[in-house]
Amino acid sequence: MSLEKEMINGKQFKDMLLGAYRSFEKNFRFINDLNVFPVPDGDTGSNMMHTMASVAKAVSAMDDTADVGEVGSTAARSAIMGARGNSGVILSQLLRGIGRGVVGKKKVSNGELSKAFQYGILYAYRSVAKPVEGTILSVARGMAKGAYDIMKKGTNLEEILEELIRIGKKELAETPEKLPALKAAGVVDAGGQGLIAFFEGCLAGLRGQDCAVLDVPKKDPDAHIHHHDNLEPLDLEYPYCTEVIIKEANVDKKTVTDAIGGLGNSMIVAVVEDIVKIHIHSKNPGKILNIAQQWGSLHDIKIENMKDQHENRIFSDEEVAAATAAEQQGIGIIAVAAGEGIAEIMKKMGVTDIISGGQSMNPSVEAFVNAVEDGGREKYIILPNNKNIILAAEQVKKLLGEEKVAFVPTINLAQGLASLLSFDNAKGLEENTLLMGKAASEVDGGAITVAVRDSVVDGIAIHEGDYLGLLNDKIVCTGTDLQAVLQEMLADKDYELVSLYYGSGLPKEAAEAIAAELEEMNEDWEVELFYGGQPLYPLLMAFE
């Protein structure tokens, strides 16, 4: 059968997209393992899977009689709304290009759909302002060129997809030679592997098969951390991963990129109809949001500090309802906390509402707005207790008004607790905010977490599984022994009080032993130990 006579209907196209989602569902952990940044993070495979999950949910709800063009438009729109992280936004642009290639068509020939896939790959490549060699963009560029050559041969869609996958794998295998961080870690690019997963899933879906587990290249056994001595540290000049969706926007891509391009790197701008999705690494996320606000209404705002990320959850309605305290001059306090122990401590210190939060899944602006609107106080002060959440608190203040809401820009647990001690129920909103902010600025915060992959950060060589010591959100030391890392963090410090909050994964006996050793380390220190219950971080600390 000739290429042009073989037709693909909407149902088959849906099957291909659902196959791509199943491919990520099976393989996202393998893709995550290829990442090279060491701290707990929203990883590439997870971001791409969640992006495709939005697509799968949207197209599954469509009737099987829907046109190919309708399926393509639905996939593109749902992808941009559900896109997570750099890789997710790039994937959404792949789907946008495919959608543009089939727009208005009831059915498409194999040739037309093949061209749409080529169009999608080009969209993915062009979505990044400054492409970096050795990333998903290198793989996409090679596949786009290969797709153009394949189309000349006039083969059927299955053969075209098979050839695209073959070319993609060849390009993927070359990524370590183009990016030193990959070569040092002995891995290929995670995003590029995700692109392969997408096309392998589409092929399986077209064939009516379940996709296989990816044959992910194993880490190079000769790539050890001591080989990283000459590797440049990861570029953290722009530490805040900033994402926002703009709805009802009347702006083109060039206007957006020209306006914010000089404010960061790793910029991706995606435009679908009246929706704009921005992803950029920046020094000042507030500037990005202020500019974006000119073009429409802001939604799904996410700011993550890429140096210090951990999971969080929002407490249940029952838990939030239980977080009550004595009424204080009509002012309630909403605090972000990770772990039931920390939440309980804050409630005893006068916090009226608790929202659990962290970097990888920051509480939404809506969560804070709901807490304010559903609460029983006349006014509220928000303690974000994390750099990534400060912008969300600021948005709440703008939405509800400065007469109703204020916030103290606390960046860690230590600052949050110090600010609570300075709350005075005899004073008003503005004066309390100033007093609490001053108290917060006078303490240091620390944390110990576990590296999830080999890397080099700020010149520090890190092994997967190492303990990482962070002081005021900066990685300062690493090692295989928690106690040794903690002692190195504090070796030259003259603190008087050291407060330790141990996490859900650290046994009480071990925490008590750590506290005792610290007291022996410096007899002038007063060491306090509390159960925090936080995930991923064995210890959170406050120093005075």
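Counting from 1, the numbers follow the sequence of the chain as shown. Note that these values count all heavy atoms, side chains included, but never hydrogens, waters or copies made by symmetry.
Of the options Glu394, Glu366, Gln395, Glu243, a side-chain contact (heavy atoms from CB on, under 4.5 Å) to Ile301 is made by Gln395 and by none of the others.
Residue Glu430 places its CD atom among 12 or fewer non-hydrogen atoms of other residues, nucleotides or ligands, all under 6.0 Å distant. For Gln294, the CD atom sits in a packed shell: over 12 heavy atoms of surrounding residues, nucleotides or ligands are nearer than 6.0 Å. Taking a 6.0 Å sphere around CZ of Phe28, one finds it holds more than 12 heavy atoms contributed by other residues, nucleotides or ligands. At most 12 non-hydrogen atoms from other residues, nucleotides or ligands lie less than 6.0 angstrom from CD of Glu402.
Taking 4.5 Å as the limit, some side-chain heavy atom of Met489 sits within range of a side-chain heavy atom of Met541. Side-chain atoms of Leu500 and Phe530, non-hydrogen and from C-beta on, never get closer than 4.5 Å to each other. A 4.5 Å side-chain heavy-atom check between Val365 and Val369 finds at least one atom pair inside the cut-off. Using a 4.5 Å heavy-atom cutoff, the side chains of Val476 and Leu470 are not in contact. Contact check for Asn250 versus Asp274: no side-chain heavy atoms found under the 4.5 Å cut-off. Proximity of Leu298 to Leu289: side-chain heavy atoms (C-beta onward) are separated by under 4.5 Å at one or more points. Side-chain contact between Lys493 and Leu471 is present, with heavy atoms from C-beta onward closer than 4.5 Å. Side chains of Val498 and Glu526 form no contact here, defined as non-hydrogen atoms less than 4.5 Å apart.
Side-chain N or O atoms of Thr410 include one that pairs as donor or acceptor with a backbone N or O of Asn385 at under 3.5 Å. Asn432 places a side-chain N or O within donor-acceptor distance of the main-chain N or O of Lys427, the cut-off being under 3.5 Å. Of the possible donor and acceptor atoms, one in the side chain of Asn32 sits under 3.5 Å from a partner among the backbone N and O of Gly45. Under the 3.5 Å distance criterion, the side-chain polar atoms of Tyr537 are left unmatched by any main-chain donor or acceptor of Gln534. Counting only distance, with no hydrogens or angles, the side chain of Thr449 and the backbone of Leu536 share a donor-acceptor pair below 3.5 Å. Of the possible polar contacts, one joining the Asn472 side chain to the Gly445 backbone as a donor-acceptor pair under 3.5 Å is found. Between the side chain of Asp252 and the backbone N or O of Thr255 there is at least one donor-acceptor pair closer than 3.5 Å. No donor-acceptor pair under 3.5 Å is formed between the side chain of Ser60 and the backbone N or O of Lys57. Side-chain N or O atoms of Asn290 include none that pairs as donor or acceptor with a backbone N or O of Lys287 at under 3.5 Å.
A salt bridge links Asp458 with Lys474: the distance from a Lys NZ or Arg NE/NH1/NH2 to an Asp or Glu carboxylate oxygen falls below 4.0 Å. For Lys253 and Asp258, the salt-bridge test fails: no basic side-chain N is under 4.0 Å from an acidic carboxylate O. A salt bridge links Lys347 with Glu344: the distance from a Lys NZ or Arg NE/NH1/NH2 to an Asp or Glu carboxylate oxygen falls below 4.0 Å.
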>> Could you walk me through whether Leu468 and Val485 satisfy the side chain to side chain contact (heavy atoms under 4.5 Å, CB included) test, starting with their C-alpha distance in whole Å, then the side-chain angles of each, then the deciding distance to 0.1 Å, before giving a yes or no?
In response: CA-CA 7 Å; Leu468 304 180; Val485 169; over 6 Å; no
>> If you apply the rule side chain to side chain contact (heavy atoms under 4.5 Å, CB included), what do you find for Ile331 with Arg377, and how did you get there?
In response: CA-CA 6 Å; Ile331 298 175; Arg377 298 294 189 270; over 6 Å; no
>> Run the side chain to side chain contact (heavy atoms under 4.5 Å, CB included) test on Tyr501 and Leu413 for me, step by step, so that the C-alpha distance in whole Å, both residues' side-chain angles and the decisive distance to 0.1 Å come before the verdict.
In response: CA-CA 10 Å; Tyr501 300 83; Leu413 171 65; 3.7 Å; yes
> Does the side chain to side chain contact (heavy atoms under 4.5 Å, CB included) test come out yes or no for Tyr380 and Asp353, once each step is laid out?
Replying inline: CA-CA 10 Å; Tyr380 279 91; Asp353 296 85; 3.6 Å; yes
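Residue Ile345 holds its CD1 atom at 10.5 Å from CD of Glu340, rounded to the nearest 0.5 Å. For the atom pair Lys277 NZ and Lys247 NZ, the distance stands at 11.5 Å (nearest 0.5 Å). The CD atom of Glu517 lies 11.0 Å from the CD atom of Glu519; values are rounded to the nearest 0.5 Å. Note that CZ of Phe407 is 8.0 Å distant from CG of Leu391, once rounded to the nearest 0.5 Å. One finds the CD1 atom of Ile411 at 13.5 Å from the CG atom of Leu383 (value rounded to the nearest 0.5 Å). Between Ile90 atom CD1 and Ile136 atom CD1 the span is 5.0 Å, to the nearest 0.5 Å.
Residues Asp444 and Tyr495 bring a donor and an acceptor atom of their side chains to less than 3.5 Å of each other. For the 3.5 Å distance criterion, the side chains of Ser78 and Ser54 fail to qualify, holding no donor opposite an acceptor. Looking at Asp189 and Thr135, their side chains never bring a donor and an acceptor atom within 3.5 Å of each other.
Met349 and Leu420 get closest at one heavy-atom pair: CE-CB, 3.8 Å. Closest non-hydrogen pair, Ile382 versus Ala393, comes out as CG2-CB, 3.9 Å. Residues Tyr467 and Thr478 come closest through the heavy atom pair O-OG1, 3.0 Å. Smallest separation of non-hydrogen atoms from Ala337 and Ile342: CB-CG2, 3.8 Å. Ser282 and Leu263 get closest at one heavy-atom pair: CB-O, 3.5 Å. Of all the heavy atoms in Ser419 and Ala440, the pair that sits closest is CB-CB, 4.4 Å.
Aromatic ring centres of Tyr502 and Tyr531 lie closer together than 6.0 Å.
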